Amino acid sequence: MTTHPTPSLETSPLEQYRSHLSRGELAYQVDDHGRPLFYPRVVAPAGYEGELRWVASKGLGVVYAATVIAPKGEPAYNVVLVDMDEGFRLMSRVESIPPEQVRIGMRVKARIHPAEENDGPYPVFDPVDAA
Amino acid sequence: MKPTLRRGAAAIVGVAESDLGEVAAGMSVIDLMAQGAQRALADCGLGLADVDGVFAAAGQSRMPSTALCEYLQLTPRYQDCTMMGGSSFMTHVAHAQAAIEAGLCEVAVIAYGSTQRSAGRSNTAPREVNPYETPYRPVTPASAYALAASRHMHQYGTTREQLAQIAVAARGWALLNPAAWEKTPLTVEQVLGSRLVSSPLTVRDCCLVTDGGGALVMTSAERARTLRKPPTFVLGTGETISHQNISSMPDLTVTGAASSGAQAYAMAGLTSRDIDVVMVYDAFTITTLLFLEDLGFCPKGEGGRFVADGAIAPGGRLPVNTNGGGLSYCHPGMYGLFVLMEAVRQLRGECSARQVPGCETAIAHGNGGVLSSQSTVVLGNASTV
């Protein structure tokens, strides 16, 4: 019996994630039971079962934690963790309001920030009221 | 699960800092490790010829045990450079005990060195890129701890003033420690009024950026009893890894210390009520608060109220971080070794002005990454074994 090598993946999880973003979707992965997973991975981690597949998020979530950074001579900005309605969490930024007005518990909606310099496209958020 | 190491079977017998603060230009991390090793061996009356186990970790050295062995011309039977950030050294203690119990080595040196102040942070701690976090420009690692603080404040009503009290308490202890970097008193107002690094944390909520290093010497309980200084017995150890990046931490108000501490207490047969001196890795004010809660010194969510009246300052109800901590004594980047060192000195009664009277038990808790790895060691003097 001959054994055949498993074919290599053609795209990385990161490239697939970014290609969803380029199409306007914030995508995450789920396992066979629909359990949500973020950041995207090649294989299901412990506690998950089966093959991972991609799902597009509805883009709605709640700010879980928030901090504001004010570098010398540059505009202040915030960094947040957002708990998405589908049950996964990601780091992001809330835009369209002053950074110090971002509150934990705030409803937010994702928007895709275009690729720039070293970064691919990435999701940012706006308060739902302001969207 | 039953602990597999034997309570009190190994002991820390020698401790020493290398040069600290801002070291001479051109000093390497291995210079500092070797200096610490020589001093720690002298502390217990052993020499390089006795060493047959070498443990080391350093942010600036990829193969630190190899480098230290070359430098000191050691050919140990056993070596280990487990790297999980600032908690690595607590895990080295557990690994050294396992190796000693298994007969793989008898005298172990655990060493650390850093020149992050003299060589510059950007040269010594290259940023790791994470495509899911880096685009948002968090100030690493401060913003991760700031996010945890924001969540704790939201969930439990913890205040900025309460966090500031932790920095003030650390400074109070540092003023009793001649080796401490900071030499002047600090007030809550000064903490709140200093430069904001990542809200709610100001620069006074953040650990120092210093050079420094040092070493511990460990051996079997039997041999420990024949050496110069009173042995500090390892009563319990435990470790947990809960995540690597802050966006993957399950609950930002509960750290892996809840688990690593429980393991260490179980092996020691002790609870938080039995502990005389509490040494926890204070990378930021919020870390002290989280570890006081997770190691059982106050209920979850009560950390802010617990520290508010100076409870952990000199003269308070609970002696915490009596060397002045990473906040005011010394913080070369992976501070865990110094946490252990102070616990040993308190148990030996060597702490002069800051000595906690009648100290028989201590907990030394290490933190690595962004609350990522937690490793706890419960220590005791001869009265506990």
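Just so we're clear, the structure is a prediction, and the values are computed from it rather than from any experiment. The sequence lines fix the lettering, A, B, ..., with proteins before strands; numbering per chain opens at 1.
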Checklist line | From CZ (A:Arg107) to CG (A:Asp85), nearest 0.5 Å | finding: 4.0 Å
Item checked: Heavy-atom donor-acceptor pair, B:Ser194 side chain to B:Val191 backbone, under 3.5 Å -> yes
Show every donor-acceptor pair shorter than 3.5 Å between a side-chain atom in residues 135-145 of chain B and any protein atom, with sequence neighbours excluded, or say none if there are none.
residue, atom, partner, partner atom, Å
B:Tyr136, OH, A:Pro123, O, 2.6
B:Ser143, OG, B:Val139, N, 2.8
B:Ser143, OG, B:Val139, O, 3.3
B:Ser143, OG, B:Ser198, OG, 2.9
B:Tyr145, OH, B:Asn367, ND2, 2.9
B:Tyr145, OH, B:Gly369, O, 2.6
B:Tyr145, OH, B:Leu371, N, 3.2

Next item on the list: Could you tell me which residues in residues 281-299 of chain B have at least one non-hydrogen atom under 4.5 Å from a non-hydrogen atom of chain A, sorted by residue number?
Entry: none
Item checked: Donor-acceptor contact below 3.5 Å, side chain B:Glu239 vs main chain B:Ser373 -> no
Next item on the list: In plain terms, say whether A:Arg53 and A:Asp31 are close enough for a salt bridge, that is, a side-chain N and a carboxylate O under 4.0 Å apart.
Entry: no
Notebook entry, point to check: In this structure, are over 12 heavy atoms from other groups packed under 6.0 Å from A:Glu10 atom CD?
Noted result: no
Margin query: Can you tell me which portion of A:Arg18 sits under 4.5 Å from chain B's heavy atoms? Options are side chain, backbone, both or neither.
Written below: side chain
Item checked: Proximal to chain B - members of residues 68-80 of chain A, heavy-atom separation under 4.5 Å -> A:Val68, A:Ile69, A:Glu74, A:Tyr77, A:Val79, A:Val80
Checklist line | Residues that A:Ala27 engages under side chain to side chain contact (heavy atoms under 4.5 Å, CB included), provided they are two or more places apart | finding: A:His20, A:Trp54
Item checked: Winner by heavy-atom pair count (cut-off under 4.5 Å) against chain B, out of A:Val82, A:Leu90, A:Ile104 -> A:Ile104
Notebook entry, point to check: Taking NZ, NE, NH1 and NH2 as the nitrogens, is one of them in A:Glu86 or A:Lys58 under 4.0 Å from a carboxylate oxygen of the other?
Noted result: no
Next item on the list: Determine, for B:Arg117 against B:Asp211, whether the closest basic-nitrogen to carboxylate-oxygen distance falls under 4.0 angstrom.
Entry: no
Checklist line | Contacting moiety of B:Val197, where chain A heavy atoms sit under 4.5 Å | finding: backbone
Next item on the list: Please state whether the side chain, the backbone, both or neither of B:Leu201 comes within less than 4.5 Å of a heavy atom of chain A.
Entry: neither
Check: When you check the side-chain N and O atoms of B:His331 and B:Thr210, is any donor under 3.5 Å from an acceptor?
Finding: no
Next item on the list: Kindly state whether the ring of A:Phe38 and the ring of A:Tyr17 have centres lying under 6.0 angstrom apart.
Entry: yes
Check: In terms of side-chain geometry, is the basic nitrogen of A:Asp126 or A:Lys109 positioned less than 4.0 Å from the acidic oxygen of its partner?
Finding: no
Check: Under a 4.5 Å heavy-atom cutoff, which of A:Arg93, A:Glu117, A:Arg89 has the most pairs with chain B?
Finding: A:Arg89
